[in-house]
Amino acid sequence: MKILFFGNLREQLGTGEIELPLAPGTNNIAELLEALKQRGSEWQQALSAGSLLCAVNQTMATRDTLLEDSDEVALFPPVTGG
Amino acid sequence: MKILFFGNLREQLGTGEIELPLAPGTNNIAELLEALKQRGSEWQQALSAGSLLCAVNQTMATRDTLLEDSDEVALFPPVTGG
Amino acid sequence: MITIAVQAADFDTGQEIRQLQADRTDVGGIAIFTGQVRDTGDKPLGFMHLEHYPGMTEASLQQTAEQAAQRWPLIDIRIVHRIGDLLPGDQIVFVGVSSIHREAAFNACEFIMDHLKTHAPFWKKEYYRDGSTQWVEAKNTDQQRNARWDQHN
Amino acid sequence: MITIAVQAADFDTGQEIRQLQADRTDVGGIAIFTGQVRDTGDKPLGFMHLEHYPGMTEASLQQTAEQAAQRWPLIDIRIVHRIGDLLPGDQIVFVGVSSIHREAAFNACEFIMDHLKTHAPFWKKEYYRDGSTQWVEAKNTDQQRNARWDQHN
């Protein structure tokens with residue numbers, strides 16, 4: 001599974017993209033976030049923001065959106081275009 | 001007193017402007033309209049529309065706006081610019 | 001700054017917008033409306049004549065712009081309205097408003113159009129290709145739209 | 001017709017508007033919004049960087065435009081959004097909507113801006129002249145403004 005990070009979150013994590021096999025027990029975005037938080041204190045802190053948005057296959061998703069290993073997941077702070 | 005007519009009203013009356021001394025008893029727009037209606041059946045008909053707008057010295061006015069002989073009065077149908 | 005023009009000549013919308021943007025770094029948003037001559041009635045339109053009340057027209061547009069400037073925090077207001085004979089598809093009116101914030105720009109632009117439609121002394125007459133003519137009737141919806149701004153006061 | 005562009009290059013607002021007007025005689029009104037880079041904070045701005053999510057950005061703007069087209073009787077929608085490094089005063093975004101009636105054009109233009117501000121994956125980072133940087137924070141007022149459109153449903 002490809003996971004992309006944008007904006008401030010990309011800077012906080014020090015990476016814009018990781019590849020990860022979808023682990024057993026990680027069925028939705030909420031569970032993916034919990035799994036990613038185990039990667040270290042920066043991850044724990046950066047991914048705890050309730051305002052964090054997510055997209056699955058380039059469409060806005062929610063915490064309970066289900067995941068497949070072939071998905072492109074993106075995590076990012078609230079958008080500020082326009 | 002100069003009295004201007006615009007749009008459809010100008011066509012109905014066949015004139016865009018008349019000069020008229022302010023007659024005794026003609027103190028406001030409503031009374032001016034009544035006096036003008038005496039000029040003939042076209043005037044009677046054209047000036048009876050309740051939707052008719054008026055301006056005094058190039059500012060929107062109402063039926064009870066008071067008049068002086070030096071005023072520029074304008075009568076016209078609802079506006080349709082834009 | 002308020003800029004008003006009533007003219008027979010066409011206007012360059014891009015140039016009008018550049019005037020609103022010109023060398024300023026405090027403009028957050030610009031809301032613009034342009035109106036064109038439509039040819040969507042039953043009878044094909046030859047041209048439209050726009051009659052106006054010289055002198056009062058400019059004063060009326062100025063007052064409308066000043067009301068908008070009192071109501072919202074605006075930077076610049078530009079209004080251009082054409083008069084005379086216009087062909088289908090021709091530009092009639094340009095209203096452009098710049099502000100720090102887009103909400104003020106949107107509201108002011110819509111307010112100016114609604115106010116102009118009900119207060120500025122312009123009258124449209126349509127000349128059809130079959131030789132007949134028709135004065136355009138004022139729309140009740142324009143009155144209603146303008147009345148909204150009084151309720152919001 | 002819906003036209004979407006996400007690009008580093010500047011755009012010509014006059015040309016965008018001419019595309020909306022182009023040779024059509026059924027357009028009654030065109031509502032436009034343009035946003036510029038502001039320099040009104042405490043620290044003088046050097047430039048602003050606009051990051052985006054390639055692919056999703058275009059899809060998101062397309063969806064927003066389609067929602068507007070379902071909601072109001074529109075003729076054309078054009079959205080241009082720039083990315084990369086922009087200087088104070090530079091144009092960021094163009095939203096133009098043409099319709100037979102001005103009410104639909106105004107509503108759709110404002111809806112698209114509100115939706116874009118809360119849904120399109122763009123992130124602004126400010127680079128100040130003193131060398132410091134700051135990610136622009138999302139505004140609660142943008143969320144509230146966008147929520148209005150749900151209530152009106």
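Bear in mind the structure is a predicted one, so any value in this text is a computation, not a measurement. The chains referred to below are lettered A, B, ... by the order of the sequence lines, with proteins before strands, and numbering in each begins at 1.
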> Which residue pairs pass the side chain to side chain donor-acceptor pair (under 3.5 Å) test with at least one member in residues 14-24 of chain B, sequence neighbours excluded?
Replying inline: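 Those involving residues 14-24 of chain B do not exist here.
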Examine whether an atom of [X] lies under 4.5 Å from a heavy atom of chain B, and if so say whether it belongs to the side chain, the backbone or both; otherwise answer neither.
X: H49(C); result: neither
X: E137(C); result: backbone
X: S60(C); result: neither

> To the nearest 0.5 Å, what is the distance between CG (L53(B)) and NE2 (H119(C))?
Replying inline: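 Those atoms lie 9.0 Å apart.
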> Roughly how far apart are M56(C) CE and L4(B) CG, rounded to 0.5 Å?
Replying inline: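 M56(C) atom CE to L4(B) atom CG measures 11.0 Å (nearest 0.5 Å).
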> After noting the C-alpha distance and the side-chain angles of E11(B) and W135(C), does the key distance pass the side-chain contact (heavy atoms from CB on, under 4.5 Å) rule?
Replying inline: CA-CA 10 Å; E11(B) 286 190 354; W135(C) 287 94; 2.9 Å; yes
> Taking all atoms of both residues into account, what is the closest heavy-atom pair of F6(B) and P54(C), and its distance?
Replying inline: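 Between these two residues, the closest heavy atoms are CE2-CD, 4.4 Å.
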>> Looking at every non-hydrogen atom in both residues, tell me the closest pair between M113(C) and G82(B) and how far apart they are.
In response: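 So the two residues come closest at CE-CA, 4.3 Å.
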>> Angle between ring planes, Y53(C) versus F76(B), binned at 30° and 60°: parallel, tilted or perpendicular?
In response: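 If you compare the ring of Y53(C) with that of F76(B), the planes turn out perpendicular.
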> Of all residues at least two apart in sequence or in a different chain, which pass the salt bridge (charged side-chain N to carboxylate O under 4.0 Å, His left out) check with K37(B)?
Replying inline: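 Scan of K37(B) (salt bridge (charged side-chain N to carboxylate O under 4.0 Å, His left out), adjacent residues dropped) gives E34(B).
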>> I need the contact set between residues 80-110 of chain C and chain B: heavy-atom distance under 4.5 Å, sorted by residue number.
In response: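 Contacts with chain B: H81(C), I92(C), V93(C).
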> Are any non-hydrogen side-chain atoms of V79(B) and F122(C) less than 4.5 angstrom apart?
Replying inline: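 Side-chain contact under 4.5 Å: no.
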> What residues form a side chain to side chain donor-acceptor pair (under 3.5 Å) with K124(C), not counting sequence neighbours?
Replying inline: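 Once residues adjacent in sequence are excluded, K124(C) has no partner under the side chain to side chain donor-acceptor pair (under 3.5 Å) criterion.
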